[in-house]
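Below, chains carry the letters A, B, ... as their sequence lines are ordered, and counting in each starts from 1. Model, not experiment: these values are computed from the prediction.
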Amino acid sequence: MLDIKDLKVSYGAVEALKGISLHVDDGEIVSLIGANGAGKTTTLHTITGLVPAQSGSITFNGHDLLATKSGKIVTLGMAHIPEGRHVFTRMTVQENLEMGAFSLKDQSGVGKGLERAFEYFPRLKERRNQLAGTLSGGEQQMVAMGRALMSNPTTILMDEPSMGLSPLLVKDIFSIITMLHAKGITILLVEQNAKMALSIADRAYVLETGRITMEGDANDLLHDEKVRRAYLGA
Amino acid sequence: MKKSILSTKQSYLVCALGVLALFLLVMAVCETGLASPYIKGIMMTACIAVIMTTSLNLTIGVLGQLTLGCCGFQAIGAYTAALLSKLIVAQGIAMSDMSRFLITIVAGGAMACIFGVIVGVPALRLHGDYLAIITLGFGEIIRVIIQNLKFAGGIGLSKGQQGQALIGIDRLANLYVVFWITVLTVAFLFMFGRSRYGRAVKAIRDDEIAASASGLNTTYLKVLVFAISAFFAGVAGGIFAQYIGSLNPAMAGWLNSINYVIMVVFGGMGSITGSIVSAIGLTILPELLRAFSDYRMLVYSVALVLVMIFRPQGIFGSWEFSLSKFINHLFYRGNGPKRGRAAVAVEGTASTDGVASTEDNATPDTAAGADDVSRLQDGVIASAGIAGTGEGSAGVGPDPNAPRDGGAMQEGDDRR
Amino acid sequence: MNSQLVMFISQIFNGLKIGSVYSLVALGYTMVYGIIRLINFAHGDFIMVGAYVLMLTAPAIIAMGMPAWVAVIPAILICVAVGVIVEKAAYKPVRERGNSMTALITAIAMSLLLENGAQAVFGADYKTIPTVFSIPSVNFGALHISGDTILTIVLGLVIMVGLQLYVSYTKRGKAMRAVSEDKEASILMGVNINSTITLTFAIGSGLAAVASLMYVAAYPQVSPTMGAMLGLKAFVAAVLGGIGSIPGAMIGGLTIGLIESLTKAYIGTITAGIITSAFSDAIVFGILIVVLLVKPSGIMGKNEGEKV
Amino acid sequence: GCSGGSLSENSGSDSAAQGNTITLGSITTNSGTAAAYGEAEVAGFKLAISEINKAGGINGKKVKLESMDDKGDPTESSNAFNKLSGDDSVLAVLGPTISATTAAVAPLADQSKLVAIAPAATADSIESGNYLFRACFKDSYQGEIAARFAAKTLKVKKVAVLYGTGDPYSSGTAESFMKEAKQLGLDVVDQESSSSADDTEYSSQLQKIQASGAEFLYAPYYYSIAGPYIIPQARSVGFNGVVMGPDGYDGLKLTDNVSLYNKVYYTTHYSPDDKENSKVADFIKSFRSENKSDPNTFSALSYDTVYMAKQAIEKAGKNPTREQVRKALAGSKFDGVTGSFTLDKTGSPKKSVIVLEMKDGKPVFNSTVKPA
Amino acid sequence: MSEPILKAEHLGITFGGLKAVSDFNMVIGKGELVGLIGPNGAGKTTVFNLLTGVYKPTEGEFWLDGTKMSGKKTYQVVRAGIARTFQNIRLFRQMTVEENVLVAFDDSFSYHMGAAIFRTPGFWKQEKKKHAQAIDLLRIFGLEGYAGVQAANLAYGQQRKLEIARALATGMKLLLLDEPAAGMNPTETEDLLSCISTIRERFGIAILLIEHDMSLVMKVCQRIQVLDYGRTIASGLPNEVANNPQVITAYLGTDADDGVADDVATGKSSVDGGADTAESDAADKKEGAR
Ligand SMILES: Nc1ncnc2c1ncn2[C@@H]1O[C@H](COP(=O)(O)OP(=O)(O)OP(=O)(O)O)[C@@H](O)[C@H]1O
Ligand SMILES: Nc1ncnc2c1ncn2[C@@H]1O[C@H](COP(=O)(O)OP(=O)(O)OP(=O)(O)O)[C@@H](O)[C@H]1O
Ligand SMILES: [Mg+2]
Ligand SMILES: [Mg+2]
């Protein structure tokens, strides 16, 4: 389980997180919603060590993540699908997926992982030898998701996985998320599409300019008047 | 909102007065004999370096294109000026030394400018390190060609000798005149930078595709910048030729060009005042290091690495020293200028311009009236040649891997 | 064989001789550039370091009854050490805080530092190096081809193929490519960025030591500035071949060598003496420029055209 | 005024050298690609000055060397010269090293009325006849002598040249060689060039020279290029004729196989095995003990420049002005390790040239050519 | 509809064997707002790149207001009157918000270099005027208060708006918007929507809109064209398109209205079903392409 306590993060003089606390229990989908610039991405980046924390603590299954080298975090079973996809543009789709399995000690499972990824995203199978940089935005999102799954994570952090995807694919992505959830994978989901995020999540947090302003059962928040007005559009 | 006590016209005036004061100071030390030929020589070299560096900064800092061929253009300007000067004498054309000097340096600049266009049109289709290497190549080609020109060696023209240094160039460069040429260069570059041209050029640096999608003829503008840089490099070359009195083709080599690139980066990319300070500083530094004689270059290289590590954005970053702002600051110290206003305006706000953001308009609530526009454009006057020091706020180079690396994770960069 | 033909073939081999050295050096540039987008201006000077180590250790090695080329082992060790130290002490801090321009200046400063450091230690004067190989030359009738040349070409090819396989198929190799593209994403994959970059530097510097062995085999002399022009030419070769591309470095190096040799030999005749062999450097750069304008990413480079 | 052209305030001040030491300034190229030459010159200066000081100095005053590096850059050399000229205790400047920097210093020397004695700047074009002097032959002189040696002594018919266009020394001597060779009726069968004088690969050009049937190759380069590169490469493309060079060959860097260097000749100032000139033997001996290596031309010439300066200062009187030093130096006769010579109107020496021949890796006296 | 603003005929482009767009035809009338939708990778952005001269079409031609534009350079097309925004925001990140807009005004500046260097009265007059215009334009998007802020420091939604403002500053007749609502939550999207209607009223321009947010598309578009594998598979009024079975299978998914939440609820229970659908859809698409 993931536990964040009083986390503060700054970029120079910009205080992006002003002391947030949240936790994600095993097997949960927890959704983090908030306006642009609220600090959602920053939260995820701090968890996986891409951004240094100023103070506070992050523990994951008993490991102190702030003391763990950033490259090591993935070996603890945590994968992060970054905002903006960040595929390796000059590698083929297949090589991208193989990179996802980089942290695995035992590389024999890579073939099976590939098959599974192609099962989720048949489109990628067609394009397995195309350079990822020339894929469309949606295709790249699929690569990013597939790549994260390659490390057999127990917990996945997702940063706006539906951004830029066609309605059909958004549904697909969300059904994959629920499927992963069904398989017992823990998910921390950051989404602009708050309606959908809240409808699949168990619990949710609302982040406003670096502070958590609301938290609770996802369904409750979905019907909360304030949340509706601010994030769901009248 | 902090109001400047100086209007635009007044700040121009302040700046002009500052330059004038500096000139009087130079004149005073020269005329009273306080300055030895050594000091005068260094001042002359510094002026040449300032012209080279500020104009190179237009290409490297403002346009964001790395070139390693500036000394090729300097050499073209130098040889053109030197040979023209000799030709004028050989043809027995009567004119004063001053007009000969001015005519030849302008001719040197013009010739370099022509070559700038010839080189720029094809070269500027490339970017980054590829452009660097291609301009380096042009510099080397220029060197080899000059080396093989018969009329550009020995005493030159019809009695020239291939492969020899060009000697016996009349040493017409006068420090006072060169001072004013330097001031004009800096003023030109400043005015250019703070106009629609400067804006367009900076837009190309930030995102060339978006710039053309905003209706800018990027090719034309890039070549224009290149040609302007080449022109001033040629002028600097013309001055150099008539200061030093002899030329050799090795001056066009890439090692010399790199020296000026170092000055630009050292001063802060995009900052004219930074370039001025670093050009002067790096001209004087090796002289100060003469005391270390044998270890001079070792000390220099270590110093360079240390500066790059501890002040990677250069001494000025993208900040500009401004005399009028400085004066403003003196008068307003009591009132305490509001620091760190709205969250959006703090840190990193130092735009490349150093004007709009750090001046009045940084406040979100600026209902910038028509009156403000002038200040927006010109509130900061780089006072030519006046060395000022100060902390610039973290300027971010045009490089996408700049310190704000985390920013690369934001959407918008994903396909880079 | 007709004497013109013998001449032509010999000229080709003259070109391959220096070209294969350029290739080896260019491989080092390409490795480092490929991963951190830095023109490691000091790479040529790593070769100088390697050459000095050879100069110092070769006599001892010969005295111990071993062949002189065994001296390449201490040379590799020292070069790797120098490369890694330069990376850790200078490039890494600058990379973390500065931008690409700053990094470039740092590389130039490192180059100055190594050159002047070597001068302070060894003096500026040239020093000759004992013969490292005594491979007989191969003769086909009137045609003599030096054994060193053939060895350098073969060695270059072997190293190139080895590196290419390493980068394409091993885990560490893939990590290198991943880091070269997107550092954050690589971290998320569990790649240790620093050790990957260090490894790249180590390989690049080790290659410099091998290159210095082949270089001094052909040109048996060392001096503090020997790396400067060699480094520049090799970098041009790497760009010509397509920087970042391992086969490109090889092709670029050989191409530059051939162009140099053939222009020196024939340009005067072709242009009826208007352009002489003195222009060979200019012609090399001229060809580089033409190639880049036609194919901006170099001969083997992949087009990295940005998708809008 | 402030113009660079009229600075005379500091020159010829009579206070010069009134202290207890005499300063000799030196400007040499101590960094960059030509650093080896500058370094060799400094070694020569230092040796001569320590000898002079051991022997009681000049006019009883200790001599101090104020040494400046110019990186081979004309701007730096002029700054260095200006700095030295501003120091009243400096009575003469030794240097600069290369022709390009010397060309920049020449007008400054005239302007500040301070003599500069360039040990090895050989370009014909930099003669000033005023305050710039030198200790070396000029380029044209050696080229002519080499041509005459080829025609008269070696009696070859077909000659070829190889030179670096980027280097005034190399192209200057090559040009005068060709001119003289043609005048002497030699057949210049091939003329090849490299774009700089410090390339490493010359096989292409040498192959053509070999194919041209030349019996004699004039290749004016420095010891560091001719030794390890040009001569072995010439031999490896099958050229077995004579290779000849100028004084830059002095201190030739040899590879293991010394037999390659047979049939190599060069013109220079002195012969190491000249038993008659005791100065030469002494110089070589003390240079070896100081520097653990053999001197080359640069060291020998720079050693002599110091003694030229000493002779002039002594001749000029007890507390001479800079102008007096110049007067004493102009036209003076001098005996040094690089021979006996008189400075002509242009400040260049007229001296005899010695031709050395390499035998088993050692230079051996061949002949002497007296000045015309 | 009188003279159309944009007419494209048989536009097509191939990338190394891949036909990204083929036989693309489109007519947009004055003041029309047309939607361009389709699955990811269908070629929508590529169409924008063709229409703005970023890519040269390998076949076909297009006209703006009767003038042939194909083959022209980007800046020429833009000056003629087609402006765009980018799917991945491309602002002049180190410049201020106002400068971003002023850059796009460049074509309408008339002072020359001499005037800039000597700071003639004409220079001041124009700079003043353009400044006022820029502020006006920013006001539409509520950005006037940020005029002096560095563009990179704007919040994401504001960056999107600034991009539109910058495009408007070129003085275009046809505006191409590439997924302007991506990454925005519904509330922010609505705000954007009102901006778009304001500019349509104010400037009377035609707009071609790429968007995956169907609620937005349905609300504002007068006509919609659907791409799949580079080919047009449907076009017409929003309702027609939304009920087109081909569009549903390729793009919208079985439940074409916006009831995503319910949809997901079903997805939750039948996990494997979701994956299956994706697979069969992809198979369909493949057939469509051949
Ligand atoms: N690298 C950076 N340097 C400086 N400030 C940053 C950086 N990255 C983010 N910020 C600032 O930190 C704050 C939080 O940003 P963050 O990206 O975490 O927001 P977010 O909630 O993910 O928003 P979005 O929905 O736009 O993705 C914003 O004000 C942003 O401008
Ligand atoms: N420069 C290019 N080189 C190679 N292929 C390209 C290039 N540009 C686009 N493509 C290919 O063309 C197809 C269409 O891409 P495009 O970006 O136009 O899709 P899109 O419809 O905008 O998708 P999305 O909604 O995901 O943005 C994709 O399959 C992409 O891989
Ligand atoms: Mg985010
Ligand atoms: Mg798109």
Side-chain angles (χ1 to χ4, degrees), chain B residues 26-27 29-31 33 35-45 48-49 97 140 143-144 147-148 153-155 161-179 240 242-251 255-256 259 283 286-287 290 293-294 296-298, chain D residues 1-11 30-33 42 67-69 71-87 98-108 111-112 123-126 128 139 163-172 174-175 193 195-196:
Chain B
V26 168
M27 219 165 119
V29 292
C30 285
E31 296 300 326
S36 65
Y38 175 55
I39 303 285
K40 287 181 205 168
I42 290 175
M43 286 199 270
M44 184 70 89
T45 324
I48 294 170
D97 281 358
E140 292 294 305
R143 176 179 68 80
V144 174
Q147 200 162 281
N148 286 283
I155 54 169
Q161 276 174 295
Q162 182 185 345
Q164 301 288 318
L166 180 65
I167 57 157
I169 305 161
D170 291 335
R171 303 174 70 236
L172 305 175
N174 174 306
L175 185 57
Y176 300 156
V177 177
V178 172
F179 177 91
F240 174 77
Q242 300 178 71
Y243 158 66
I244 208 89
S246 66
L247 295 173
N248 69 319
M251 73 179 287
L255 280 170
N256 284 340
N259 259 332
T283 305
E287 294 299 327
R290 280 200 189 282
S293 60
D294 289 354
R296 186 161 76 115
M297 291 307 292
L298 272 182
Chain D
C2 229
S3 114
S6 59
L7 308 159
S8 51
E9 304 96 286
N10 291 288
S11 58
N30 286 3
S31 30
T33 42
V42 174
S67 172
M68 308 246 162
D69 168 29
K71 295 200 252 168
D73 175 359
T75 315
E76 287 247 351
S77 66
S78 13
N79 282 346
F81 189 88
N82 284 335
K83 180 156 193 184
L84 291 171
S85 79
D87 176 351
I98 59 175
S99 298
T101 47
T102 311
V105 160
L108 296 177
Q111 185 184 302
S112 53
D124 284 23
S125 55
I126 55 173
S128 84
D139 291 335
Y163 65 96
T165 48
D167 188 77
Y169 174 62
S170 189
S171 55
E175 205 168 301
S193 50
S195 42
S196 77

Okay, Ser31(D) and chain B: the region with an atom under 4.5 Å from a heavy atom over there is side chain

Here the gap from Asp73(D) atom CG to Asn256(B) atom CG, rounded to the nearest 0.5 Å, amounts to 6.0 Å

If one checks every heavy atom of Asp167(D) against chain B at 4.5 Å, the contacting part turns out to be backbone

Max heavy-atom pairs within cutoff under 4.5 Å with chain B, candidates Pro74(D), Gly164(D), Gly32(D), goes to Pro74(D)

The reported gap from CD in Glu140(B) to OG in Ser195(D) (rounded to nearest 0.5 angstrom) is 9.0 Å

Heavy atoms of Ala104(D) and Ser246(B) approach each other most closely as N-OG, 3.3 Å

Taking every heavy atom of Pro168(D) against every heavy atom of Ala165(B), the minimum-distance pair comes out as CG-N, 4.5 Å

So, the part of Ile167(B) with a heavy atom under 4.5 Å from chain D: the answer is side chain

For Asn82(D) and Tyr38(B) the tightest heavy-atom approach is CB-CA, 3.4 Å

Cut-off 4.5 Å, heavy atoms of chain B, and the answer for Ala106(D) is neither

Of all heavy-atom pairs linking Pro286(B) and Glu76(D), the shortest is CB-OE2, 4.1 Å

Closest non-hydrogen contact found for Asn248(B) with Ala100(D) is ND2-CB, 3.4 Å

(request) Please step through side chain to side chain contact (heavy atoms under 4.5 Å, CB included) for the pair Arg171(B) and Leu108(D), ending with a clear verdict. (result) CA-CA 10 Å; Arg171(B) 303 174 70 236; Leu108(D) 296 177; 3.2 Å; yes

NZ of Lys71(D) to CG of Leu255(B), rounded to nearest 0.5 Å, is 10.0 Å

Taken to the nearest 0.5 Å, the spacing of Gln164(B) CD from Asp124(D) CG works out to 7.0 Å

Scored by heavy-atom pairs under 4.5 Å with chain B, the best of Ser77(D), Ala103(D), Gly72(D), Ser78(D) is Ala103(D)

With chain B, the option among Ser99(D), Gly172(D), Ala80(D), Ala174(D) that has the most non-hydrogen atom pairs under 4.5 Å is Ala80(D)

Under 4.5 Å to a heavy atom of chain B? For Thr75(D) that would be both

Answer yes or no: is there a donor N or O on one side and an acceptor on the other, between the side chain of Arg296(B) and the main chain of Asp69(D), under 3.5 Å?
yes

Applying a strict 4.5 Å limit to non-hydrogen atoms, the region of Glu175(D) in contact with chain B is side chain

